[in-house]
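Any value given below was found using the heavy atoms of this structure, including those in side chains, with hydrogens, waters and symmetry copies removed.
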Amino acid sequence: MNVYTISDIGELIRDNSYVGRGIVIGKSEDGKKAVFAYFIMGRSENSRNRIFSEEGETVTIYPFDASKVEDPSLIIYSPVRRVGNDIVVTNGDQTDTICEFLQKGKSFEQALETRCFEPDAPNFTPRISGILQFAADNFTYKLSILKSADAAGSACNRYTFAYTPLNGVGHFIHTYNCDGNPIPTFTGEPERVRIPNNLHEFAQTLWSNLNEDNKISLYVRYIDLASGASENVLINKNK
């Protein structure tokens, strides 16, 4: 694949039964909107027993049926929070770590230096994180992945990717390459994907192509760069 290829995200995920949790950040084709999306998937009953809830600009994951919760530590968190002109999107409680560092005038990277992959051997699920930083009717964004250096989880490798937005282009990072036992960790750079102007079109492309058995919830937000107004789509499989 050419390094400048822009893929249809539906085609990337359509035949992949388990990409895990995923973050997409980019800019609409007309250049007017900042865009991000976050989704979760799950294989176990504990992982599947979740819903997204939006409270202001914060999105939090809650158990769908509280009586069935086995271990809340890695499944209940706020994947989306805003701090000043920044929006943070992650797949775990590192959202709170990043926000705390930003509030102290420190950086996204400094916050993630204090965290590592999840302690769920033998998978050692990567922590993936994103940040949109707004200024002067535009924005920049970063994506990060913290993953195990080896099969034993003996060290953490940290990678950060920083982007200047291009119209119609986004970057997609997810926790796993595909299903497996243990589940193979995401490798390489975030994938370049097409970002349409229409919020509902993008949300539908994501939701309809995620594996039917394993998808759980999806959140997509489009933010008008001129006005700051936003619109979103939130979909929960559990209703």
Return a table of donor-acceptor pairs under 3.5 angstrom between the side chains of residues 153-161 and protein atoms on other chains or two or more places apart.
unit_1	atom_1	unit_2	atom_2	d
S154	OG	D150	OD1	3.1
S154	OG	D150	OD2	2.3
R158	NE	L112	O	3.1
R158	NE	R115	O	3.2
R158	NH2	E113	O	3.3
R158	NH2	R115	O	2.6

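- Nearest heavy atom pair, residue I223 against residue S230, reads CG1-CB, 4.0 Å.
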For this session: Before giving the answer on side chain to side chain contact (heavy atoms under 4.5 Å, CB included), spell out for F36 and L132 the whole-Å C-alpha distance, their side-chain angles and the decisive distance to 0.1 Å.
Result: CA-CA 9 Å; F36 72 85; L132 297 86; 4.0 Å; yes
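- Every residue meeting the salt bridge (Lys or Arg N to Asp or Glu O under 4.0 Å) condition with E212, not counting sequence neighbours, appears here in chain and number order: K215.
- The nearest pair of heavy atoms linking N85 to R82 is CA-NH2, 4.1 Å.
- R81 places no side-chain N or O within donor-acceptor distance of the main-chain N or O of V59, the cut-off being under 3.5 Å.
- In this view, E54 and R221 satisfy the salt bridge (Lys or Arg N to Asp or Glu O under 4.0 Å) rule, not counting sequence neighbours.
- We find that K142 and D86 are not joined by a salt bridge, their nearest charged nitrogen and carboxylate oxygen being 4.0 Å or further apart.
- Aromatic rings from Y219 and F52 are positioned such that their centres are separated by 6.0 Å or more.
- Under a 3.5 Å cut-off, the side chain of Q110 and the backbone N or O of S107 do form a donor-acceptor pair.
- Applying the salt bridge (Lys or Arg N to Asp or Glu O under 4.0 Å) test to R21 and every residue at least two apart in sequence or in another chain returns E118.
- In the hydrophobic clustering of this structure, Y163 groups with L225; members are Ile, Leu, Val, Met, Phe, Trp, Tyr whose side-chain heavy atoms approach within less than 4.5 Å, directly or through other members.
- A 6.0 Å sphere centred on CD of E45 holds no more than 12 heavy atoms belonging to other residues, nucleotides or ligands.
- Not counting sequence neighbours, the partners of N209 by the side chain to side chain donor-acceptor pair (under 3.5 Å) test are R14.
- Through side-chain heavy atoms spaced under 4.5 Å, either directly or across other Ile, Leu, Val, Met, Phe, Trp or Tyr residues, V169 is tied to I6, L166.
- In this structure, S7 contributes its side chain and I9 its backbone to no donor-acceptor pair below 3.5 Å.
- Residue I183 comes nearest to G180 through the heavy atom pair CG1-O, 3.5 Å, listed as atom of the first residue, atom of the second, then distance.
- Side chain of N123 to main chain of T125: no donor-acceptor pair is present (N/O by atom type, distance under 3.5 Å, no hydrogens or angles).
- For the salt bridge (Lys or Arg N to Asp or Glu O under 4.0 Å) test, no residue two or more places apart in sequence or in another chain qualifies with K237.
- A donor-acceptor contact closer than 3.5 angstrom links the side chains of N236 and S217.
- The environment of CD in E231 is crowded: more than 12 heavy-atom neighbours from other residues, nucleotides or ligands sit within 6.0 Å.
- Note on residues 81-117: pairs passing ring pair (Phe, Tyr, Trp, His ring centres under 6.0 Å), not counting sequence neighbours, are F117-F124.
- The two residues S47 and G42 come nearest to each other via the heavy atoms CB-CA, 3.8 Å.
- With contacts defined as side-chain heavy-atom distances shorter than 4.5 Å, the pair I13/L206 qualifies.
- When all heavy atoms of I195 and G170 are compared, the closest pair comes out as CG1-N, 3.4 Å.
- Remark: Y176 engages Y18 in a ring-ring contact (aromatic ring centres under 6.0 Å, His included) (not counting sequence neighbours).
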For this session: May I have the step-by-step check of side chain to side chain contact (heavy atoms under 4.5 Å, CB included) for V193 and L12, ending in yes or no?
Result: CA-CA 9 Å; V193 296; L12 289 179; 3.6 Å; yes
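- At least one side-chain heavy atom of D179 sits less than 4.5 Å from a side-chain heavy atom of S17.
- When the side chains of ILVMFWY residues are joined at heavy-atom separations under 4.5 Å, either directly or via intervening members, L102 and V80 end up in two distinct hydrophobic clusters.
- Side-chain contact of T60 with S78: a donor-acceptor pair under 3.5 Å is present, judged by distance alone.
- The aromatic rings of F172 and H174 sit tilted relative to each other, their planes meeting at an angle between 30° and 60°.
- A single hydrophobic cluster is not seen to contain both I51 and L218; linkage of ILVMFWY side chains at heavy-atom distances under 4.5 Å, directly or through other members, places them apart.
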Identify all side-chain donor-acceptor contacts of residues 23-32 below 3.5 Å with residues at least two apart in sequence or on another chain.
unit_1	atom_1	unit_2	atom_2	d
K27	NZ	N138	OD1	3.4
S28	OG	D30	OD1	2.7
S28	OG	K32	N	3.4
S28	OG	K33	N	3.0
D30	OD1	K32	N	2.9

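- A distance-only check finds a donor-acceptor pair linking the side chain of N177 to the backbone of T185 [under 3.5 Å].
- Here CG of D93 is found 11.0 Å from CD1 of I61. Values are rounded to the nearest 0.5 Å.
- Judged by distance alone, the side chain of N238 and the main-chain N or O of R48 form a donor-acceptor pair under 3.5 Å.
- Screening residues 59-82 for ring pair (Phe, Tyr, Trp, His ring centres under 6.0 Å), with sequence neighbours left out, gives no hits.
- Residues I98 and I87 fall into different hydrophobic clusters, defined by Ile, Leu, Val, Met, Phe, Trp and Tyr side chains chained together at heavy-atom separations under 4.5 Å.
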Problem set entry | Evaluation steps, side chain to side chain contact (heavy atoms under 4.5 Å, CB included), between F134 and T140 | CA-CA 7 Å; F134 294 86; T140 57; over 6 Å; no
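- Residues S144 and S129 bring no donor and acceptor atom of their side chains to less than 3.5 Å of each other.
- Taking each heavy atom of I216 and M41 in turn, the nearest pair found is CD1-C, 3.3 Å.
- N214 places no side-chain N or O within 3.5 Å of a backbone atom of G20 that could act as its donor or acceptor partner.
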Exercise. Checking salt bridge (charged side-chain N to carboxylate O under 4.0 Å, His left out) for the pair R43/D213: CA distance, chi angles, key distance, verdict?
Worked result: CA-CA 8 Å; R43 302 186 304 175; D213 292 331; over 6 Å; no
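- In this structure P196 satisfies the side-chain contact (heavy atoms from CB on, under 4.5 Å) test together with E201, F202, Y222, sequence neighbours excluded.
- Linking Ile, Leu, Val, Met, Phe, Trp and Tyr residues whenever their side-chain heavy atoms come within less than 4.5 Å leaves L234 and V88 in two separate clusters.
- In this structure, T175 and R127 have side chains that are not in contact, with every pair of non-hydrogen atoms separated by 4.5 Å or more.
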Exercise. For S44 and N46, what are the C-alpha separation, side-chain angles and deciding distance, and is it a side chain to side chain donor-acceptor pair (under 3.5 Å)?
Worked result: CA-CA 5 Å; S44 68; N46 192 47; 5.3 Å; no
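- Counting only heavy atoms from C-beta outward, the side chains of F39 and V19 approach each other to under 4.5 Å.
- Between L143 atom CG and I173 atom CD1 the span is 5.5 Å, to the nearest 0.5 Å.
- Using modelled atom types, one side-chain atom of N91 and one backbone atom of I128 make a donor-acceptor pair closer than 3.5 Å.
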